[in-house]
Protein chains: 2
Amino acid sequence: MAKEPWDDPRITTFGMLLEAHDALLCQMAGLPGLDAQLPMTWFEVLLRLARSGGELRMAELAAQVRLSTSGLTRLIDRIEAAGLVERRHCTEDRRGSFAVLTPGGQDLLRQALPAHIDAIERLVVGPLGDDVPVLEDLLRRLRDNAHPASH
Amino acid sequence: MAKEPWDDPRITTFGMLLEAHDALLCQMAGLPGLDAQLPMTWFEVLLRLARSGGELRMAELAAQVRLSTSGLTRLIDRIEAAGLVERRHCTEDRRGSFAVLTPGGQDLLRQALPAHIDAIERLVVGPLGDDVPVLEDLLRRLRDNAHPASH
DNA sequence: CCGGAATAGTTGCACACGCAAGTTGTTGTT
DNA sequence: AACAACAACTTGCGTGTGCAACTATTCCGG
């Protein structure tokens with residue numbers, strides 16, 4: 001059986017990243033109560049805002065959740081319509097806006113957090129155990145190496 | 001500064017997976033010659049077919065590229081229109097079809113492969129070095145743990 | 001201070017995808 | 001043999017996203 005170029009093991013490594021990512025995401029999103037009460041994308045927006053003291057500039061938030069600025073505009077449209085965030089005009093730079101976490105948004109985030117943490121516990125801490133920090137280190141190296149010239 | 005529930009480090013670990021995945025994919029897809037000559041999704045379809053001897057049932061291929069069967073139907077529609085694959089009716093089960101790699105598809109895959117392998121070399125082997133097998137092992141454990149109850 | 005380049009965000013448009021329903025073919029039960 | 005349950009795609013429809021174009025504002029060089 002001839003060794004064809006598409007059998008290169010490096011492609012398999014990369015494929016594993018795609019497969020693991022997708023498998024985990026499907027499990028997270030497919031979880032009964034989890035995605036239903038708060039879509040993953042909404043969750044991450046609320047999370048990033050909470051971690052930044054409740055507000056963030058649109059462009060900065062877009063970068064953090066890895067969306068184009070137009071993608072974020074519409075996402076915030078939807079979340080704002082649900083009352084979980086608000087837009088506030090930036091006074092020093094009248095072009096810009098902040099996305100601001102509302103009390104309702106913060107409540108919902110608090111309420112949704114345990115389910116997400118449980119899911120992570122089951123999906124990554126479970127199978128990896130003490131190796132979790134190793135994975136985190138490897139992934140961080142990948143990200144830091146790739147990110148510089150992105151967007 | 002109060003320790004809020006959203007500062008849980010496990011969420012950061014999971015976030016690192018999302019960030020690394022996205023950063024790598026953007027780099028791959030954004031690469032000048034790479035995505036232009038052959039979109040990532042097309043590339044993976046052609047790759048999976050080549051690795052399976054040139055043909056695969058639609059449902060099986062859908063699972064391998066992590067798409068719904070309807071998603072794969074349309075993807076194959078497009079790739080078939082470009083002449084890189086063909087559909088062949090399955091004779092033992094006349095409901096089913098095979099996606100079959102055409103000579104042109106195989107040629108294009110062969111031609112696109114070096115650029116992809118170079119990209120992986122630069123984006124994962126570069127920053128990780130000898131730790132690549134460690135990453136692959138960890139990701140495989142994640143995938144195998146998550147996959148069972150999926151789709 | 002004025003005019004052109006750059007920046008923050010939004011909108012028009014196209015597109016790829018998932019879900020649910022539909023079509024055709026197979027399998028199992030009696 | 002007939003009919004029901006099931007399976008392999010495919011199609012209708014809605015939705016989330018990126019790219020390019022647009023508007024409003026700020027920055028910078030002369």
Side-chain angles (χ1 to χ4, degrees), chain A residues 18 21-23 25-32 35-36 38-45 49 55-82 84-100 150-151, chain B residues 18 21-23 25-32 34-36 38-45 55-82 84-100 150-151:
Chain A
L18 301 181
H21 169 268
D22 244 64
L25 232 62
C26 286
Q27 289 292 315
M28 295 284 285
L31 229 51
D35 199 61
L38 191 59
M40 285 287 291
T41 52
W42 295 33
F43 176 81
E44 198 176 355
V45 166
L49 288 175
E55 61 180 49
L56 230 31
R57 287 291 288 269
M58 292 295 283
E60 172 61 24
L61 184 52
Q64 288 196 18
V65 300
R66 304 168 306 286
L67 249 57
S68 66
T69 65
S70 85
L72 184 72
T73 291
R74 325 258 212 188
L75 179 54
I76 293 295
D77 285 346
R78 282 168 256 144
I79 305 181
E80 186 174 29
L84 306 180
V85 302
E86 284 173 3
R87 272 179 240 248
R88 191 163 50 71
H89 289 342
C90 178
T91 51
E92 321 107 350
D93 184 344
R94 279 152 50 196
R95 293 169 299 184
S97 329
F98 289 93
V100 186
S150 88
H151 280 260
Chain B
L18 301 181
H21 170 268
D22 245 63
L25 232 61
C26 285
Q27 288 293 316
M28 295 282 285
L31 229 50
L34 224 154
D35 199 60
L38 192 59
M40 284 288 290
T41 52
W42 295 33
F43 176 81
E44 198 176 355
V45 165
E55 61 179 50
L56 229 33
R57 286 291 289 269
M58 293 293 285
E60 172 61 23
L61 184 53
Q64 289 196 17
V65 300
R66 304 169 305 284
L67 249 58
S68 67
T69 64
S70 85
L72 184 71
T73 290
R74 324 264 205 181
L75 179 54
I76 293 296
D77 285 347
R78 281 169 256 145
I79 305 181
E80 186 173 29
L84 307 179
V85 303
E86 285 172 2
R87 272 178 238 247
R88 191 162 51 71
H89 287 53
C90 178
T91 51
E92 321 107 347
D93 184 343
R94 280 151 49 196
R95 291 169 301 183
S97 329
F98 289 93
V100 185
S150 89
H151 280 258

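Every chain is numbered from 1 and lettered A, B, ... according to where its sequence line falls, protein lines coming before strand lines. What you see is a predicted model, and the numbers here were worked out from it, not measured in a lab.
Atom CG in A:L67 sits about 14 Å away from atom C1' in C:dG9, given to the nearest Å. The CD atom of A:E60 sits 15 Å away from the C1' atom of C:dT7 (whole-angstrom rounding). Per the geometry, CE belonging to A:M40 stands 16 Å off P belonging to C:dG18, to the nearest Å. Distance CH2 (B:W42) to C1' (C:dA16): 12 Å, rounded to an integer number of Å. Atoms CZ (A:R87) and P (C:dG9) sit 10 Å apart, rounded to a whole Å. Atom P of nucleotide C:dC17 and atom CG of B:D77 are separated by 12 Å, given to the nearest angstrom. Atom CG in A:L75 sits about 15 Å away from atom P in C:dT11, given to the nearest Å. For the pair B:M58 CE and C:dG25 C1', the interatomic distance rounds to 17 Å; values are reported in whole Å.
Protein chain A contacts DNA chain D over a range whose 5' and 3' limits, counting nucleotides with an atom under 4.0 angstrom from a non-hydrogen atom, are D:dG16 to D:dT26.
For the atom pair CZ of A:F98 and OG1 of A:T91, the computed distance is 7.5 Å after rounding to the nearest 0.5 Å. Put simply, CG on A:L72 and OG1 on A:T69 are 8.0 Å apart, with the number rounded to the nearest 0.5 Å. Summarising the geometry, atom OG belonging to A:S70 is positioned 10.0 Å from atom CE belonging to A:M58; distances are rounded to the nearest 0.5 Å. Atoms CZ and CZ, on A:R95 and A:R57 in that order, are 8.0 Å from each other to the nearest 0.5 Å.
The nearest heavy atom of DNA chain C to A:S70 and to A:D93 marks one nucleotide each, and the one closer to the 5' end goes with A:D93. Each of B:T91 and B:R78 lies near DNA chain C, and the nucleotide nearest B:R78 is the one positioned closer to the 5' end.
Contact annotation for B:R74: base contact, defined as any heavy-atom pair under 4.0 Å involving a base atom. Across all strands, A:S97 comes closer than 4.0 Å only to sugar-phosphate atoms, never to a base (heavy-atom distances).
The only option from B:I76, B:L38, B:V45 that meets the side-chain contact (heavy atoms from CB on, under 4.5 Å) definition with B:L84 turns out to be B:L38.
Applying the 3.5 Å distance criterion, the base of C:dT24 shares no donor-acceptor pair with the side chain of B:R95.
Remark: B:E55 CD is packed, more than 12 non-hydrogen atoms of other residues, nucleotides or ligands lying under 6.0 Å away.
Considering only residues two or more places apart in sequence or on other chains, B:R94 meets the side chain to side chain contact (heavy atoms under 4.5 Å, CB included) condition with none of them.
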